[in-house]
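Have a look at the structure below, then the notes.
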Amino acid sequence: MNEKRENSKMSGNEKIKERGYISVLGARVHNLKNIDIDIPRNKLSVITGMSGSGKSSLAFDTIFAEGQRRYIETFSAYARNFLGNIERPDVDGISGLSPVISIEQKTTNRNPRSTVGTTTEVYDFMRLLYARAGEAYSYLSGEKMVKYTEEQILDLILKDYKDRKTYILAPVVRNRKGHYRELFEQIRKKGYLNVRVDGKLKEIAHGMKLDRYKMHSIEIVIDKMLVSGSENQRLGKSLRIAMKQGDGLIMLLDALTDEVRYYSRRLMCPVTGLSYSEPAPHNFSFNSPHGACSRCKGLGTVNILDMDKIVPDPALSIHGGGIVALGKYKNSMIFWQIDALCKKHGATINTPIRDLPEDAIDEIMNGTDERLHINNEYSSYMLSYEGVAKYILMQQEDEASASAQRWAEQFISTSVCPECNGQRLNREALHYRIGGKNIAELSEMDVSELYEWMMSVEEKISGQQKAIAAEILKEVRSRLKFLLDVGLDYLALNRSSASLSGGESQRIRLATQIGSQLVNVLYILDEPSIGLHQRDNMRLINSLKELRDAGNSVIVVEHDKETMLNADYVVDMGPKAGRLGGEVVFAGTPREMLMSGTLTSAYLNGLKSIEIPAFRRKGNGRFITLKGASGNNLKDIDVSFPLGMLICVTGVSGSGKSSLISNTLQPLLSRHFYRSIESPLPYRAVEGIEHIDKIVNVDQAPIGRLPRSNPATYTGVFTDIRNLFVELPESKIRGYKPGRFSFNVSGGRCETCKGNGYKTIEMNFLPDVYVPCEDCHGKRYNRETLEVRFRGKSIADVLDMTINMAVEFFENVPAILNRIKVLQDVGLGYIKLGQPSTTLSGGESQRVKLATELSKRNTGKTLYVLDEPTTGLHFDDIRVLLGVLNKLVDKGNTIIIIEHNMDIIKSADYIIDMGPEGGRGGGYVIFTGTPERFVAAKTKSCTAPFLREELKAGKAQIKH
């Protein structure tokens, strides 16, 4: 066998020499069945197949993992010591591997400081542009800042003050509080006799001081002279001394008119004397203390207390629990202090909050400088009071207690910073302009608008600025062009990375990689077409081809029909999912694939398809109507959602779909039903909430973050399984309770791995690695617990069953069968009951959530919201998903789906199309109605032409 494998390795290496292939031999990661596959180098290859068929296991967990391991092996032994040993993927050999860069969906940066501009490095070049070619303006007077050399200052003074009596002053204090006794003493010791204080000339006296609570401006009188050509030398010497004492800034005071003028070696306002430090790139960074707004620290938003949440019912008194954050009266210091405050204002703690004076409420919330006299049966003393607001904010900043932070967050809402108006930078940085625009105004433009501005900016700047900016502009334009090429023209540079979809963040990193112009690299991408409208698909495909043509190998895990047909090579995994998958059912060119007879090819060549519904549901005649939605790019729109239908919200990327549904409708309904803290985007009114009784958001987020979480625990069926084991005679003899069969509490679990089944090895710089526990070998339980068996199977054996096996095993236990049968119905028969949630794909997690909802008691008045549920789903998976969704709607529920996939759109009862474009060109409702009416209507919609083709193809197949 080994000899055969060696021979196959030899032949693999010969192939690479001849044609250039990445050869994978004997891959057995997850569900891969010891597969061999050759993927051509320097080509665009697509790996496709059903959800759970082994696509990601091959691309990411085998090829990328091995590439990463080899890269780390090039480090010194000292560096590897910090990283630990990365386990080799379960594969016999991979040859022909280039350096690997993986662009996955899951790596979106959640840091609020990360933006589109910082991720793509466009903002870094813009900072350099403003530091080198920006024109500074005074934030006090709006005048253009000037900058002089000492010779220029001397010439200007000789010209402007000729034959005039003049004081040469050095400013040392500008509008600051203090008594400045030590400063006056220092000035006197330096030999200066006079100063100008708050506009008045004074002689320095011993022990001289000012009112410490008032604002003061102080200048040293360096010289008093009549300006003339003969005094050139004296004037030059006095200017140099004044420059030194005034830190580069001097003042000239006309003795007759008291007129003041400023001169500086640095950037300076000629009217007010305001000076700026020499600009550097970090002065325009909101992640640097030199550039960030001092109030919001560069975040653009501040946390403010929401009085409506703290005092929801002003008719209550503080004693009766009117301040929700404090609760009802208790014998504690804060209530004694508030009682003393109320008495000071002629009220009591029993007075309704609405009857308290404004000043009293202000002091209760924000504290007071005055010391309060506490006098009661427990104590009598004076102490200060900091306010309810300080108490809440202290809890929010308490990093040690997550529960305290959650408690505080319910009273806090996020608001735009009042100082920088959400622009993140300090006022100095915001007063540098190029072509009349500051750097924040450029960051607010969407990419297409910014690209147009950058192409024409040279007409708006001076010759010197052109010379300085030429190279920087070239870099900015090329990076913006890459963003346009991958269909991200609607994004603005200041858009937070955390708000991007998986597909958008992938396409941003793709644009960055194209810009880096690397060659001989293997790129692996995970469904880059997510969130991309059909119209922009070819732009993305051309970008992938551009990456290939630069001399790189590109492997894309993808389900998109166009991407497959435009690839050079297609690998189809299958034939089914889970343990029924993990094999290569086809590998070759797209043309060969169409004739291969696989499940994927049947959908591609039209032999199989998702059928158009025979009729569209009419709904129940009730509506939820949202009025005046104006968040993000929404243009004050009114939208009605008919209930009892499958509604699809369509439109190009950035047209306002997520702003309308995920950021306005869903948060406002969640707040109504569950008192959610998330605030919706601005809207005027909502009608018809009484027609539904709950809202469920079924997203593709993992069902749990740790390996402990699994489909059995999430759906609740594990409780029924444990109760079944407790009722067994063996358990009753031993006195076992349900906790004995839990791997989350001590008693029945393996204490070596604490019921994980795995031990976690921390990797510092890389994701943690999980290795099976050496005592229980991944079974999670101790020996005594595993001795209790039902029909010959222990609790660990049950968790190791696939859903299909469990359905047969529990066919006579209705309580368990009903729940797991639903998992089988949604097409998840291949996953295991105890499969760690971390190993489930996004599509699988979503279907587990749908199955959980299906197994609950139905009221027929639920609203479900799904955002791109087809992510990671094969054509056949979409067919199964539609079957599940239709079951929910047939029970009277309503489903709203945000989607680009034509199979879902053509199956909808009702379409709401947003557009017509993305970003500033979107935010309008283009059409509402059935798919048939949509394609017949004359609209500006970009979706209608593609849907028209899809409906025609469907009709042609029916006839065929």
Side-chain angles (χ1 to χ4, degrees), residues 12 15 19-24 27 31-33 35-64 94 96 100 102-103 506 510 522-530 532 534 537-538 540-549 552-577 581-609 841 843 870-878 901 903:
K15 279 181 189 172
R19 294 182 290 165
Y21 278 84
I22 298 162
S23 286
V24 180
N31 65 335
L32 297 180
K33 307 272 177 60
I35 62 168
D36 297 351
I37 180 75
D38 291 338
I39 298 171
R41 287 165 54 79
N42 302 332
K43 299 288 182 192
L44 172 58
S45 304
V46 169
I47 300 178
T48 189
M50 290 183 74
S51 183
S53 61
K55 305 181 299 297
S56 296
S57 298
L58 174 61
F60 293 100
D61 301 326
T62 306
I63 298 172
F64 172 66
I94 301 178
V100 189
S102 138
I103 305 178
Q506 267 201 89
L510 176 62
L522 169 59
Y523 288 101
I524 304 180
L525 292 92
D526 188 5
E527 284 202 87
S529 67
I530 302 163
L532 195 63
Q534 308 296 105
N537 233 359
M538 276 317 294
L540 172 66
I541 292 165
N542 289 335
S543 296
L544 295 173
K545 288 180 175 177
E546 195 177 320
L547 211 53
R548 172 201 68 190
D549 296 341
N552 299 298
S553 309
V554 183
I555 296 176
V556 185
V557 175
E558 188 57 274
H559 296 286
D560 178 67
K561 181 178 180 178
E562 262 186 300
T563 311
M564 282 188 234
L565 296 176
N566 278 278
D568 302 313
Y569 198 78
V570 180
V571 177
D572 193 5
M573 302 295 293
K576 293 286 182 182
E583 296 173 34
V584 178
V585 292
F586 171 80
T589 65
R591 184 173 286 183
E592 291 166 352
M593 185 187 186
L594 291 172
M595 298 179 283
S596 65
T598 65
L599 183 63
T600 308
S601 69
Y603 277 99
L604 287 179
N605 58 30
L607 292 175
K608 288 191 85 160
S609 70
S841 70
T870 58
T871 301
L873 300 191
H874 184 265
F875 306 109
D876 209 52
D877 297 319
I878 295 170
N901 185 287
D903 288 322

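A 4.5 Å side-chain heavy-atom check between L594 and L565 finds at least one atom pair inside the cut-off. Side-chain contact between V571 and V46: absent, with no pair of heavy atoms (C-beta onward) separated by less than 4.5 Å. The shortest side-chain heavy-atom distance between T600 and M593 falls under the 4.5 Å cut-off. Side-chain contact between T589 and D568 is absent, with no heavy-atom pair separated by less than 4.5 Å. Counting heavy atoms from C-beta outward, I47 and L58 have side chains that approach closer than 4.5 Å. Residues V554 and S45 have side chains not in contact (no heavy-atom distance under 4.5 Å, counting atoms from C-beta outward). The shortest distance between side-chain heavy atoms of Y569 and L44 does not fall below 4.5 Å. Looking at heavy atoms from C-beta onward, K576 lies in side-chain contact with M50 at the 4.5 angstrom threshold.
For the salt bridge (charged side-chain N to carboxylate O under 4.0 Å, His left out) condition, no pair includes a residue of residues 555-566, sequence neighbours left out.
Checked options P575, S596, S601, S53; the residue passing with V585 is P575 (criterion: side-chain contact (heavy atoms from CB on, under 4.5 Å)).
Nearest heavy atoms, A27 versus T62: CB-CG2, 4.2 Å. A pairwise comparison of heavy atoms in A59 and I524 identifies O-CD1, 3.3 Å as the closest pair. Smallest separation of non-hydrogen atoms from S553 and N42: OG-N, 2.8 Å. Across every non-hydrogen atom of S23 and D38, the tightest pair is OG-OD1, 2.7 Å. F60 and V557 get closest at one heavy-atom pair: CE1-CG2, 4.0 Å. The shortest non-hydrogen separation linking A602 to N605 is O-OD1, 3.2 Å.
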Could you give me the CA-CA distance, side-chain angles and deciding distance for V556 and Y523, then say whether side-chain contact (heavy atoms from CB on, under 4.5 Å) is met? CA-CA 8 Å; V556 185; Y523 288 101; over 6 Å; no
Please determine whether side-chain contact (heavy atoms from CB on, under 4.5 Å) holds for the pair N901 and I878, giving the CA-CA distance in whole Å, both sets of side-chain angles, and the decisive distance to 0.1 Å. CA-CA 10 Å; N901 185 287; I878 295 170; 3.5 Å; yes
Kindly indicate, with the supporting measurements, whether the criterion side-chain contact (heavy atoms from CB on, under 4.5 Å) is fulfilled by T563 and T48. CA-CA 10 Å; T563 311; T48 189; over 6 Å; no
Step by step, work out the side-chain contact (heavy atoms from CB on, under 4.5 Å) result for Y603 and D876. CA-CA 8 Å; Y603 277 99; D876 209 52; 2.6 Å; yes
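The OG1 atom of T870 lies 8.5 Å from the CG atom of D903; values are rounded to the nearest 0.5 Å. Of the inter-residue distances, the one linking N542 atom CG with N566 atom CG reads 8.0 Å to the nearest 0.5 angstrom. In this structure, the separation between CG on N31 and CD on E583 is 9.5 Å, given to the nearest 0.5 Å. In this structure, CD1 on I35 lies 9.0 Å from OG on S57, to the nearest 0.5 angstrom. Between the OG atom of S102 and the CD1 atom of I555 there is a distance of 11.0 Å, given to the nearest 0.5 Å.
Comment: D526 does not engage K55 in a salt bridge, judged by the lack of any side-chain N to carboxylate O separation of less than 4.0 angstrom.
Residues T598 and D572 bring a donor and an acceptor atom of their side chains to less than 3.5 Å of each other.
Using the six-membered ring where Trp is involved, H559 and H874 have ring planes that are perpendicular, over 60° apart on the 30 and 60° scheme.
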